[in-house]
*Asks:* 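Here you go, one structure.
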Amino acid sequence: MKYENILIVIEAEDKKLSKLSIEMLSKGRNLADELDQKLFALIIGNKNENILNDTIMYGADKVINVDNKFLENYTTMAYTKVLNNIIDEFNPLIILIPATENGKDLGGRICARRNIGLVADCVDIVLTDEKDNFKCIRPTFDGSLLSDIRISSYPKIVTVSKSNFKASRKDINRQGEIVNFDSEITKSDILTEIVGVIKTNKKVSIEDANIIVAGGLGLEQPKNWHLVRELADVLGGAVSGSKPISDQLWIPADAFVGVTGLKVKPKLYIAIGISGSVQHLQGMRESGIIVAINKDPDAPIFKVAHYGMVGDLFEVVPMLIEKLKELKING
Ligand SMILES: Cc1cc2nc3c(=O)[nH]c(=O)nc-3n(C[C@H](O)[C@H](O)[C@H](O)COP(=O)(O)OP(=O)(O)OC[C@H]3O[C@@H](n4cnc5c(N)ncnc54)[C@H](O)[C@@H]3O)c2cc1C
């Protein structure tokens, strides 16, 4: 069997290409050019027409459009069935899937279905002298090292983390092919039904914010989280936190900073009650100015902070909020 071409599994948000999908198209385009192969993009959903042309403008040669009312929302079995059929039909060499909640679910399931290998949460895919022996680079040892993993089965499947590849610019003159593919999905493939979607209220997008106020376990309890919010509000910034904070759902599951979360570079990053684990630092150490508030003078966050306040956050943060409010009032 000859496996060729790169396949990107696209994800849409509000009927627009997600930022991660655009980043993956950019990486996929580079791989396809270097290998002298084609870049395919798979769009699974319902009423996909808004994103078909954009997918080409961001780099795809061919868009495989699987449009079906039963595919409006992600469900494991239906999406796996579609991807399985697509692999049989197109025999891609490597498939890049977004390392989102749904993408990780799909990646694991398709690999189990076909008994093939997967590398999860890749931060890079590097060509070697043997053209199809990709180095799949992912964090290991809690993010303190990067490992090079090779997949010996085909197609090679990787899930790709956010913010690792520079998104290419949209080329409105770019031409490509759109093919409609019959998913053969019927109601019997849908084993779970999404009865409603509750949108989170993201006031300022964290990745685009100039100012981020992030909180950690030093806040102790959700009832204290208002301190982080109030400081962010008075500064006009976005709210984020360490992974345990999102694990406990004080912030949305995809809103934490770090090696397995968002990589951010705001002008100002304020870390409140965050110790500065190696995993957290990898997501924010390139911020313009880092301010840390922590009662432990030896906390690792102080090694990367430009300004450090050693003290009890329950005293320091309210004072800071008051002072900033005063400064605002006095112009
Ligand atoms: C595979 C893997 C991947 C991971 N990925 C990530 C990731 O991407 N991002 C991430 O953030 N973490 C990640 N983690 C978790 C990481 O290892 C740490 O456990 C986590 O970052 C610690 O969060 P924290 O700083 O909020 O809590 P802690 O480490 O418990 O720190 C709390 C801090 O608050 C301070 N404090 C306590 N009370 C006060 C007070 N009253 N006033 C001032 N300071 C106070 C303490 O001195 C302490 O420094 C990952 C872990 C693993 C194993």
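Order of appearance sets the numbers: ligands from 1, and atoms from 1 within every ligand.
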*Asks:* Hey, which atoms in ligand 1 end up nearer than 4.0 Å to a heavy atom of Leu217?
*Replies:*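 Counting from 1, the qualifying ligand atoms are 24 (P), 26 (O), 27 (O), 30 (O).
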*Asks:* Report, as yes or no, whether the 6.0 Å neighbourhood of atom CD on Glu72 holds more than 12 heavy atoms from other residues, nucleotides or ligands.
*Replies:* yes
*Asks:* Kindly list each side-chain donor-acceptor pair under 3.5 angstrom involving residues 105-117, sequence neighbours excluded, with atom names and distances?
*Replies:*
unit_1, atom_1, unit_2, atom_2, d
Asp105, OD2, Tyr74, OH, 2.6
Asp105, OD2, Thr76, OG1, 2.7
Arg114, NH1, Asn84, O, 3.4
Arg114, NH1, Asn84, OD1, 2.6
Arg114, NH1, Asp88, OD1, 3.1
Arg114, NH2, Asp88, OD1, 3.1

*Asks:* Minimum distance, heavy atoms only, to atom 51 (C) of ligand 1: which one of Gln279, Lys263, Met284 is it?
*Replies:*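 That would be Gln279.
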*Asks:* Please report whether ligand 1 has a polar contact with Glu220, defined as an N or O pair separated by less than 3.5 Å (distance criterion only).
*Replies:*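 Not met; the criterion fails.
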*Asks:* Does the Lys27 side chain pair with the main chain of Ile125, one donor and one acceptor, at a distance under 3.5 Å?
*Replies:* yes
*Asks:* Give the contacting part of Ser242 toward ligand 1: side chain, backbone, both or neither, where contact means a heavy-atom distance below 4.0 Å.
*Replies:*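 Near ligand 1, Ser242 shows its backbone as well as its side chain.
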*Asks:* Atoms of ligand 1 less than 4.0 Å from Gly218 heavy atoms?
*Replies:*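 Answer, ordered by atom number: 32 (C), 34 (O), 36 (N), 37 (C), 38 (N), 39 (C).
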*Asks:* Checking contacts here: is it the side chain or the backbone of Val257 that comes within 4.0 Å of ligand 1, counting heavy atoms only? Could be both or neither.
*Replies:* backbone
*Asks:* Give the numbers and elements of all ligand 1 atoms closer than 4.0 Å to a heavy atom of Gly311.
*Replies:*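 By the 4.0 Å cutoff, the relevant atoms are 42 (N), 43 (C).
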*Asks:* Any heavy atom of Gly241 closer to ligand 1 than 4.0 angstrom?
*Replies:* no
*Asks:* Hey, which atoms in ligand 1 end up nearer than 4.0 Å to a heavy atom of Gly261?
*Replies:*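 Contacts of ligand 1 toward Gly261, numbered from 1: 8 (O).
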*Asks:* Using the ring of each side chain (for Trp, its six-membered ring), is Phe90 parallel, tilted or perpendicular to Phe181, with breaks at 30° and 60°?
*Replies:*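 Because their plane-to-plane angle lies in the 30° to 60° range, the rings of Phe90 and Phe181 count as tilted.
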*Asks:* State the atoms of ligand 1, each with its element, that fall below the 4.0 Å cut-off from a heavy-atom position in Asp312.
*Replies:*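 Selected atoms, number and element: 40 (C), 41 (N), 42 (N).
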*Asks:* Tell me whether Leu313 has any N or O atom under 3.5 angstrom from an N or O of ligand 1.
*Replies:*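 N/O-N/O distance below 3.5 Å exists for this pair.
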*Asks:* Donor-acceptor pairs under 3.5 angstrom involving side-chain atoms of residues 262-275: please list them, not counting sequence neighbours.
*Replies:*
unit_1, atom_1, unit_2, atom_2, d
Lys263, NZ, Val259, O, 3.2
Lys263, NZ, Gly261, O, 3.4
Tyr269, OH, His280, NE2, 2.8

*Asks:* Within a radius of less than 6.0 Å around CD of Gln248, do more than 12 heavy atoms belonging to other residues, nucleotides or ligands occur?
*Replies:*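 Enclosed.
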*Asks:* Between the side chain of Ser161 and the main-chain N/O of Val123, is any donor-acceptor distance below 3.5 Å?
*Replies:*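 Such a contact is absent between Ser161 side chain and Val123 backbone.
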*Asks:* What's the spacing between Lys187 NZ and Asp189 CG if we round to 0.5 Å?
*Replies:*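 So the gap between those two atoms works out to 11.0 Å.
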*Asks:* Would a distance-only check, ignoring hydrogens and angles, find a side-chain to backbone donor-acceptor pair under 3.5 Å from Ser21 to Ile10?
*Replies:*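 Not at all, since once roles are kept as given, no pair shorter than 3.5 Å links the two residues.
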*Asks:* Check ligand 1 against Gly216 and write out every atom of the ligand that is under 4.0 Å from a heavy-atom position of the residue.
*Replies:* 26 (O)
*Asks:* Is Ser275 touching ligand 1 with its side chain, its backbone, both, or neither, if touching means heavy atoms under 4.0 Å apart?
*Replies:*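 Looking at Ser275 and ligand 1, atoms from backbone and side chain both fall under 4.0 Å.
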*Asks:* Do any nitrogen or oxygen atoms of Pro244 come within less than 3.5 Å of a nitrogen or oxygen of ligand 1?
*Replies:* no
*Asks:* With distance as the sole test, does Lys81 use its side chain to make a donor-acceptor pair with the main-chain N or O of Glu184 at under 3.5 Å?
*Replies:*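 It does hold such a pair.
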*Asks:* Does one side chain, of Asn102 or Tyr79, offer a donor that lies under 3.5 Å from an acceptor on the other?
*Replies:* no
*Asks:* In terms of atom number and element, which parts of ligand 1 are under 4.0 angstrom from non-hydrogen atoms of Asp296?
*Replies:*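 Going through ligand 1 atom by atom, the ones under 4.0 Å from Asp296 are 47 (O).
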*Asks:* What are the atoms of ligand 1, with element, lying closer than 4.0 Å to any heavy atom of Phe314?
*Replies:* 41 (N)
*Asks:* Run down the list His280, Lys295, Lys243, Gln282 and name the one with the heavy atom closest to atom 39 (C) of ligand 1.
*Replies:* Lys295
